[in-house]
Amino acid sequence: MTGAEIRQSFLDFFREKQHAIVPSSPLMPDAPNLLFTNAGMNQFVPIFLGQQKPPWKPPRVADTQKCIRAGGKHNDLEDVGLDTYHHTFFEMLGNWSFGDYFKKEAIEWAWELVVEHWRLPPQRLYATVYKPGPGEPSEFDQEAYDHWERLFREADLDPSIHIVNGNKKDNFWMMGDTGPCGPCSELHVDLTPDGDTRGTLVNKDDPRCIEIWNLVFIQFNAQSVAGIADPGVVEYVPLAQRHVDTGLGLERTTAIIQGTKNFSEFSGTVSNYETDIFRPIFDELEELSGKKYQSTLPKHGTAGESDQEKIDIAFRVIADHIRTLSFAIADGIIPSNEGRGYVLRRVLRRAVRYGRTLGFHEPFFFKLVDVVAKTMGDVFPEVRAKQKTMQETIRREEEAFNRTLDKGIELFERELAQERLTISAAFAFRLYDEQGFPLDLTELMARERDLTVDVAGFEKLMEEQRDRARKAQKKEAIGVEAENLRVAPTKFLGYDFVETESVIETVLPGQKSTEFNIVLDRTPCYAEMGGQVGDHGLLHVPGHDRTEVGKLHVTDTQKRGDVFIHRAALAEGRAPEPGEAVRISIDVDRRRAIERHHTVTHLLHWALHQIVAADATQKGSYVGPEKLTFDFSSAALTPQQKRGVEKLVNEKIVQNDPVSWTEVPYAEAKKRSDIQQFFGEKYGDLVRVVQIGGDAKALNGYSMELCGGTHVRTTGSTD
Ligand code: SER
């Protein structure tokens with residue numbers, strides 16, 4: 001079977017078991033605690049948690065999911081290239097039950113597909129079962145054990161050999177630090193020539209025995225414990241319904257089926273790269289580099305590889321990374337200096353660095369995009385639709401990095417001339433800070449020379465830099481959890497009023513004895529959201545006889561759920577008490593400056609769409625009194641494009657167009673492709689549309705965005 005046939009055979013198998021076949025979700029995750037979509041179950045989290053009802057009858061689905069594991073909890077980046085089966089991008093085939101079937105069917109069907117349908121010899125199969133270690137959640141998974149035991153017995157195999165227990169690390173699956181989770185059972189395949197390792201290689205990171213399928217039984221929601229900031233401290237709250245979440249690695253399964261000629265020969269190489277999935281990329285890379293891939297693997301651990309071993313590592317890294325880059329960019333994730341964009345940039349820079357091993361000094365990586373689009377475009381049309389953007393983005397990144405790479409390598413060589421055993425933290429940090437060398441790249445270059453890098457020292461320098469940045473931002477988080485507040489939602493009156501009479505709901509202590517976090521029943525203060533910073537203001541405590549008994553400066557306004565929290569510092573007298581009536585006003589000049597920046601953010605967004613591309617989508621923004629910043633996904637702008645954008649925005653300011661807003665049902669706004677809305681953002685039933693130009697409330701402006709922020713009344717307003 002080809003890789004495509006294996007994918008299809010999986011989907012057909014579950015279609016016959018009444019599963020709806022659904023599309024892969026994009027690599028840009030919905031969940032805020034993820035860098036990339038890292039598992040098939042990500043898109044189903046709201047269903048697992050009971051927040052959404054599954055629309056399928058029966059409630060079962062199957063799909064192939066694009067996954068990236070290059071950062072965060074699940075990170076395979078360092079292994080890629082050094083072995084034959086880890087990837088940063090891969091396809092995960094999965095089947096799900098939402099409160100429908102559970103362990104029995106999940107286990108029986110996995111067996112049926114792998115053993116009966118694909119005909120993998122069951123004596124080569126090992127199943128793992130969850131057995132918690134001391135202090136670990138839940139209990140021994142007897143139910144899973146019993147089903148596996150029966151199946152192995154029926155195949156005349158000894159369950160005590162073929163079932164291997166594992167603790168939380170191997171057999172309790174979590175998407176991130178929090179979220180739906182549960183015990184899991186994995187299927188491992190013995191690939192040794194004789195297939196008689198009796199379970200001794202299971203979970204030993206040995207390429208001769210690898211995991212192909214993970215069956216997760218989602219039973220809990222891992223939640224942070226209220227009041228404890230450490231994300232590692234969670235409680236496992238049982239879910240109302242129990243679910244199934246499975247993941248079968250397509251590339252691994254293909255490698256095994258193709259590498260063993262349908263399980264008939266176990267003497268040859270089983271490698272994900274020796275499949276029809278990767279071969280076309282290797283063909284192109286051989287053509288471009290004039291070098292041949294020879295399937296060698298590093299024998300001496302991670303250092304001292306032979307030239308051919310180095311070449312083969314480079315082939316594998318580059319072939320893996322081009323899929324990651326292509327698919328991520330097709331889904332709107334662009335290399336950048338921050339967050340997931342930086343992870344992606346690191347992956348790209350690794351590939352470019354490995355390109356040097358194959359003799360590339362000019363951009364070459366972008367040329368592989370065509371093969372990815374050609375071989376994967378039937379199943380994932382986005383890689384064809386975005387082919388040009390993928391190529392352009394990668395080419396520009398390569399050009400930019402090639403310039404610094406030479407300089408960095410030269411600095412590195414000079415450092416080595418001093419005969420060190422360790423690359424110092426200061427030098428690694430300098431490479432990072434000045435030359436854009438990600439730490440893992442420095443580590444990789446060090447490893448090639450049998451040197452180590454002072455990683456702990458580097459992390460310390462990074463932390464110090466982050467600290468400096470944090471201080472520069474002067475931004476303090478308000479350490480109040482919404483669930484501790486237990487008050488009604490705050491009424492926001494700040495679209496129309498700059499001052500209100502309000503009643504104190506709660507007063508919580510702040511960081512200093514003169515600081516407080518205050519919740520009111522209503523407020524004119526805008527709480528930070530959608531990029532717009534929180535308002536500043538004044539809070540007067542009139543006292544019972546209306547002679548002022550206290551005055552506080554509101555220094556920030558934040559939201560926890562629907563509750564607004566005013567951070568306030570005592571200026572005079574005393575702080576207010578719950579139930580007391582107060583007067584609160586915003587710093588109007590500051591707010592107007594913010595509003596000017598907010599409206600111009602919309603103009604900028606609109607102008608980018610006109611000048612750059614309709615898919616230059618907003619990724620984030622900062623709208624403050626002193627400036628605005630706007631992140632969007634696109635290749636870097638040319639000077640000409642920058643001038644074009646400036647000109648358009650300035651024209652619209654001079655035109656002094658009306659800015660208006662209106663509320664519409666979300667269902668209606670969603671149908672309108674001319675109204676900008678942000679992927680991943682959660683909207684309520686009624687949404688606010690801010691429009692520029694057009695007739696008030698008619699939804700015919702040239703710029704229309706779903707936005708809860710505050711704006712000036714006309715584009716040229718200087719109020
Ligand atoms: N969520 C599990 C995994 O990613 C099974 O799909 O391994």
Side-chain angles (χ1 to χ4, degrees), residues 1-15 19 21-24 27 37 39-40 62-69 76 80-81 83-95 110 113-115 117-120 187 189 191 207 210-214 246-266 268-286 293 295 315-328 330 368-384 387:
M1 283 191 287
T2 61
E5 284 164 353
I6 293 168
R7 185 194 293 117
Q8 198 54 48
S9 140
F10 179 95
L11 298 176
D12 289 345
F13 179 86
F14 282 102
R15 187 184 281 119
H19 288 64
I21 308 303
V22 298
S24 169
L27 286 162
T37 295
D63 72 4
T64 184
Q65 172 66 49
K66 306 176 273 189
C67 297
I68 292 184
R69 292 191 175 175
D76 292 333
V80 172
D83 69 20
T84 52
Y85 60 103
H86 277 102
H87 295 296
T88 53
F89 172 89
F90 62 97
E91 272 182 74
M92 192 188 281
L93 295 158
N95 58 292
L113 178 61
V114 172
V115 177
H117 206 64
W118 288 342
R119 310 211 75 73
L120 187 142
L187 278 182
V189 182
L191 299 169
I210 64 173
E211 174 208 335
I212 55 164
W213 203 344
N214 188 10
T246 89
L248 173 87
L250 172 68
E251 294 78 4
R252 289 181 180 191
T253 307
T254 305
I256 297 175
I257 293 180
Q258 295 183 359
T260 63
K261 304 206 166 52
N262 281 329
F263 311 114
S264 63
E265 265 182 46
F266 283 83
T269 324
V270 170
S271 160
N272 293 9
Y273 297 94
E274 320 269 337
T275 59
D276 67 325
I277 298 173
F278 281 97
R279 193 62 241 176
I281 304 179
F282 278 13
D283 286 345
E284 184 66 20
L285 206 44
E286 287 183 345
Y293 180 68
S295 314
F315 263 88
R316 288 187 292 266
V317 170
I318 293 166
D320 171 88
H321 289 7
I322 191 60
R323 296 186 349 134
T324 306
L325 263 298
S326 302
F327 275 87
L368 299 170
V369 164
D370 284 341
V371 197
V372 176
K374 186 158 169 248
T375 53
M376 305 289 280
D378 285 346
V379 184
F380 302 102
E382 62 276 18
V383 290
R384 258 185 218 148
Q387 198 167 342

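Numbering of residues begins at 1 and proceeds along the displayed sequence.
- Every residue was checked against the side chain to side chain donor-acceptor pair (under 3.5 Å) condition with R252, not counting sequence neighbours, and none meets it.
- I277 places a side-chain heavy atom less than 4.5 Å from the side chain of R323.
- Side-chain N/O atoms of N272 and T84 include no donor and acceptor closer than 3.5 Å.
- No donor-acceptor pair under 3.5 Å is formed between the side chain of T269 and the backbone N or O of S271.
- A salt bridge links R7 with E91: at least one charged nitrogen is closer than 4.0 Å to a carboxylate oxygen.
- With respect to D378 and R384, a salt bridge is recorded, a charged nitrogen being found less than 4.0 Å from a carboxylate O.
- The closest side-chain heavy-atom distance from L93 to F14 is not below 4.5 Å.
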(request) Test ring-ring contact (aromatic ring centres under 6.0 Å, His included) on F10 and W213 and set out the steps. (result) CA-CA 12 Å; F10 179 95; W213 203 344; 5.7 Å; yes
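- For S24, the side chain to side chain donor-acceptor pair (under 3.5 Å) partners are Q65, not counting sequence neighbours.
- Using a 4.0 Å cut-off between a side-chain N of Lys or Arg and a carboxylate O of Asp or Glu, D283 and R279 qualify as a salt bridge.
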(message) Does F278 form a ring-ring contact (aromatic ring centres under 6.0 Å, His included) with H87? I'd like the steps, not just the answer.
(response) CA-CA 12 Å; F278 281 97; H87 295 296; 5.1 Å; yes
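- Side chain of D320 to backbone of T88: a donor-acceptor contact under 3.5 angstrom is found.
- Here T260 pairs with nothing under the side chain to side chain donor-acceptor pair (under 3.5 Å) rule; sequence neighbours left out.
- In this structure, A110 and L187 approach most closely via the heavy-atom pair CB-CD1, 4.3 Å.
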(request) Determine, stepwise, if the pair F282 / F315 fulfils ring-ring contact (aromatic ring centres under 6.0 Å, His included). (result) CA-CA 7 Å; F282 278 13; F315 263 88; 5.4 Å; yes
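- Contact detail for S9 and M1: the closest heavy-atom pair is CB-SD, 4.3 Å.
- For the side-chain contact (heavy atoms from CB on, under 4.5 Å) with I322, the qualifying choice from L285, I281, V371 is I281, the only one to do so.
- Taking 4.0 Å as the cut-off between side-chain N and carboxylate O, R15 and D12 count as a salt-bridged pair.
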